[in-house]
Amino acid sequence: MEQLWITLPAIAPDYSGVCSAMFDLGGMSIIHDASGCTGNYTGYDEPRWYGSDSMVYCSGLREIDAVLGRDDKLIDNVLKTAEYKDPTCISVIGSPVPMVIGSDMRGIAHEIECLTGLPAFGFSTNGLGLYNKGVSDAIIAVIKRFIKPCAEKLDKGINVIGTTPIDFSANSNAEDIYDLLKNAGYKVLGKLMMGCSISQIENLSMAQVNLVVSESGLNAARYLYEKYKIPYVAGMFTGTDNSELLELIELSRKDGQNRVLGQNLGNDASEPAVDKDEKKVLIIGEQILGNSIRRAVAKKDTKIKIVVGTMTGLRKELANEGDLDITSEEKLIEIMDSGHFSKIVGDPLFGDLLDIANNIKIVEVPHVALSSKLYWNQYIHYMQKEMDDIIGQILA
């Protein structure tokens, strides 16, 4: 029963992550389902959908198709639509029913590619995984397919990896990152994946350094490091003072070492180190953003003890000792009621889990992955004064 969520909505699933990552490529994404999963993504996980012309479709899977295994019907519909819409690539994306009946999404994509001549991707998503896994898988898939080796690096060339509106919403957060880097003298080659294009992906290997701004971009950054020797820095700009992260980027560009803002790689986060006599601040959300907020607070007051928790799978290489892998709503309630924390920083919906008697203050930082359209129009601008105000509330 640990996976039963009673008060909080479900976190955005893996197929939404794939669709979000592929959104700007000019391709066609087909969710193989009966329309519920497609509606979930377009209506609740994608702030860019309204007014957009991105090609996201539902296969219209019906019971008789599932019983008879009519993959040919799906392929035929994709071929007809592709001929009419002229996409740059095609993605076929799984949902719970294809998982149950054993649909071979990669096999279907391979057949589509052979018949159309267009690059095609098959993703075996199933709605049980979370969005960050879908984003990660999609980024790596397109990198492996389109990247071209380069003869020499571009001076101060940089890729930004991990931007999707599920973490950054559809306000100016992504563009703020690109603009700040340009103003600092860097040449942004790849914008993965908000503002991305296939031509950008082809040139990724020209970069001297990668900036990973969300956990969903970490696997891709590690792949680019192992394959093309491009070092990465994992961190997010927060507030109006971002000098430290820029310094780390420049260091990694010069010495080729990977870095994580605020801590070293490899810290043990297996067990929380909580002093029962000391009240702490708990940040719950995307792990790299949480790390970056913690670092911004520490630069102003080192006495404030902050723990970062995530509900999308804690990455030890990004964690400090004592950071928390929050695997269920039940576990989150237990942590909140433990008496160890005086403030919770995270989505406003976490307030519904708080016991008023504990007198815990919540500092609201919405997250599309959890609260969806409820707050995406009030989303924090991470690199503007709004985040300075958030940091001020934590310090207060």
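Keep in mind that the numbers below use all heavy atoms, side chains included, and drop hydrogens, waters and symmetry copies. Residues take their numbers from the sequence shown, with the count starting at 1.
Nearest heavy-atom pair, A120 versus E113, reported as atom, atom and distance to 0.1 Å: N-OE1, 3.0 Å. Closest heavy-atom contact between V92 and I112: CG2-CD1, 3.6 Å. Taking every heavy atom of both residues into account, L261 and S292 meet most closely at CD2-OG, 3.6 Å. Minimum heavy-atom separation, G162 to I139: N-CD1, 4.5 Å. When all heavy atoms are compared, the tightest approach of V209 to S252 is CG2-CB, 4.1 Å. In terms of heavy atoms, C19 sits closest to I93 at SG-CD1, 3.5 Å.
With contacts defined as side-chain heavy-atom distances shorter than 4.5 Å, the pair Q208/D155 qualifies. In this structure, M28 and V78 have side chains that are in contact, with non-hydrogen atoms separated by less than 4.5 Å. Counting heavy atoms from C-beta outward, C89 and R145 have side chains that stay 4.5 Å or more apart. S20 is not listed as a side-chain neighbour of D45, based on a closest heavy-atom distance of 4.5 Å or more. Put simply, the side chain of R222 reaches to within 4.5 Å of the side chain of E317, judged on heavy atoms. Side-chain atoms of Y15 and T38, non-hydrogen and from C-beta on, never get closer than 4.5 Å to each other. Counting heavy atoms from C-beta outward, K148 and E202 have side chains that approach closer than 4.5 Å. The shortest side-chain heavy-atom distance between E83 and K80 does not fall under the 4.5 Å cut-off.
With K343 contributing its side chain and I394 its backbone, the two residues share a donor-acceptor pair below 3.5 Å. Here the side chain of Q200 pairs a donor or acceptor atom with the backbone of G195 at under 3.5 angstrom. Without hydrogens or angle criteria, K303 side chain to A298 main chain gives no donor-acceptor distance under 3.5 Å. A distance-only check finds a donor-acceptor pair linking the side chain of E286 to the backbone of E215 [under 3.5 Å]. Counting only distance, with no hydrogens or angles, the side chain of N291 and the backbone of L318 share a donor-acceptor pair below 3.5 Å. In this structure a side-chain-to-backbone donor-acceptor pair under 3.5 Å is missing from D86 to A82. A distance-only check finds a donor-acceptor pair linking the side chain of N183 to the backbone of D179 [under 3.5 Å]. Within the 3.5 Å criterion, the main-chain N or O of L192 finds a donor-acceptor partner in the side chain of T163. The backbone N or O of T312 sits less than 3.5 Å from a side-chain atom of N132, completing a donor-acceptor pair. Side chain of S372 to main chain of Y44: a donor-acceptor pair is present (N/O by atom type, distance under 3.5 Å, no hydrogens or angles).
The one candidate from D14, T125, D167 that meets the side-chain hydrogen bond (donor to acceptor under 3.5 Å, both in side chains) condition with Y131 is D167.
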Note to self: Working note: L251 + Q257, criterion side chain to side chain contact (heavy atoms under 4.5 Å, CB included); need CA distance, chi angles, decisive distance, verdict.
What the structure shows: CA-CA 8 Å; L251 283 173; Q257 299 299 309; over 6 Å; no

Next item on the list: Start with the C-alpha gap between F350 and L8, add the side-chain angles, then the distance that decides, and say whether side chain to side chain contact (heavy atoms under 4.5 Å, CB included) holds.
Entry: CA-CA 8 Å; F350 291 142; L8 296 176; 4.0 Å; yes

Check: Run the side chain to side chain contact (heavy atoms under 4.5 Å, CB included) check on Y382 and I177 step by step: do they pass?
Finding: CA-CA 9 Å; Y382 295 150; I177 298 171; over 6 Å; no

Note to self: Run the side chain to side chain contact (heavy atoms under 4.5 Å, CB included) test on M193 and D24 for me, step by step, so that the C-alpha distance in whole Å, both residues' side-chain angles and the decisive distance to 0.1 Å come before the verdict.
What the structure shows: CA-CA 7 Å; M193 296 297 291; D24 281 343; over 6 Å; no

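Using a cutoff of 4.0 Å between basic side-chain nitrogens and carboxylate oxygens, R315 and D323 are not scored as salt-bridged. Remark: E334 does not engage K331 in a salt bridge, criterion side-chain N to carboxylate O under 4.0 Å. Salt-bridge annotation for D241 and K299: present, with a side-chain N of the basic residue lying under 4.0 Å from a carboxylate O of the acidic one.
Defined by atom type and a distance below 3.5 Å, a donor-acceptor pair is present between the side-chain atoms of N219 and S136. Between S95 and D33, the side chains place no donor N or O within less than 3.5 Å of an acceptor N or O (distance only, hydrogens not considered).
Under the 4.5 Å side-chain heavy-atom criterion for grouping Ile, Leu, Val, Met, Phe, Trp and Tyr, L74 is connected to I90 within one hydrophobic cluster. By the rule that hydrophobic residues join a cluster once side-chain heavy atoms approach within less than 4.5 Å of another member, W49 and L25 end up as members of one cluster. At a threshold of 4.5 Å between side-chain heavy atoms, the hydrophobic network of Ile, Leu, Val, Met, Phe, Trp and Tyr places Y232 and L246 in one connected group. Cluster annotation: L118 and F121 are assigned to distinct hydrophobic clusters (Ile/Leu/Val/Met/Phe/Trp/Tyr, side-chain heavy-atom contacts under 4.5 Å, transitive). A single hydrophobic cluster is not seen to contain both I140 and L130; linkage of ILVMFWY side chains at heavy-atom distances under 4.5 Å, directly or through other members, places them apart.
Interatomic distance, CD of E386 versus NE2 of H381, reported as 5.5 Å (0.5 Å rounding). Distance CD1/I293 to CD1/I288: 12.5 Å, rounded to 0.5 Å. Between S35 atom OG and R62 atom CZ the span is 6.0 Å, to the nearest 0.5 Å. Separating the CD1 atom in I166 from the NE2 atom in H367 is a distance of 8.0 Å, to the nearest 0.5 Å. Expressed to the nearest 0.5 Å, how far CD1 of I64 lies from NZ of K73 amounts to 9.5 Å. From I333, atom CD1 reaches atom CG of L354 across 9.5 Å, with rounding to the nearest 0.5 Å.
Annotation: R48, atom CZ; neighbour count of heavy atoms from other residues, nucleotides and ligands within 6.0 Å is above 12. Crowding of K133 atom NZ: a count of heavy atoms from other residues, nucleotides or ligands under 6.0 Å not exceeding 12. Applying the 6.0 Å contact sphere to NZ of K373 captures more than 12 heavy atoms from other residues, nucleotides or ligands. Surrounding NZ of K144 are at most 12 heavy atoms belonging to other residues, nucleotides or ligands under 6.0 Å away. Environment of OH in Y375: crowded, with over 12 heavy atoms of neighbouring residues, nucleotides or ligands closer than 6.0 Å.
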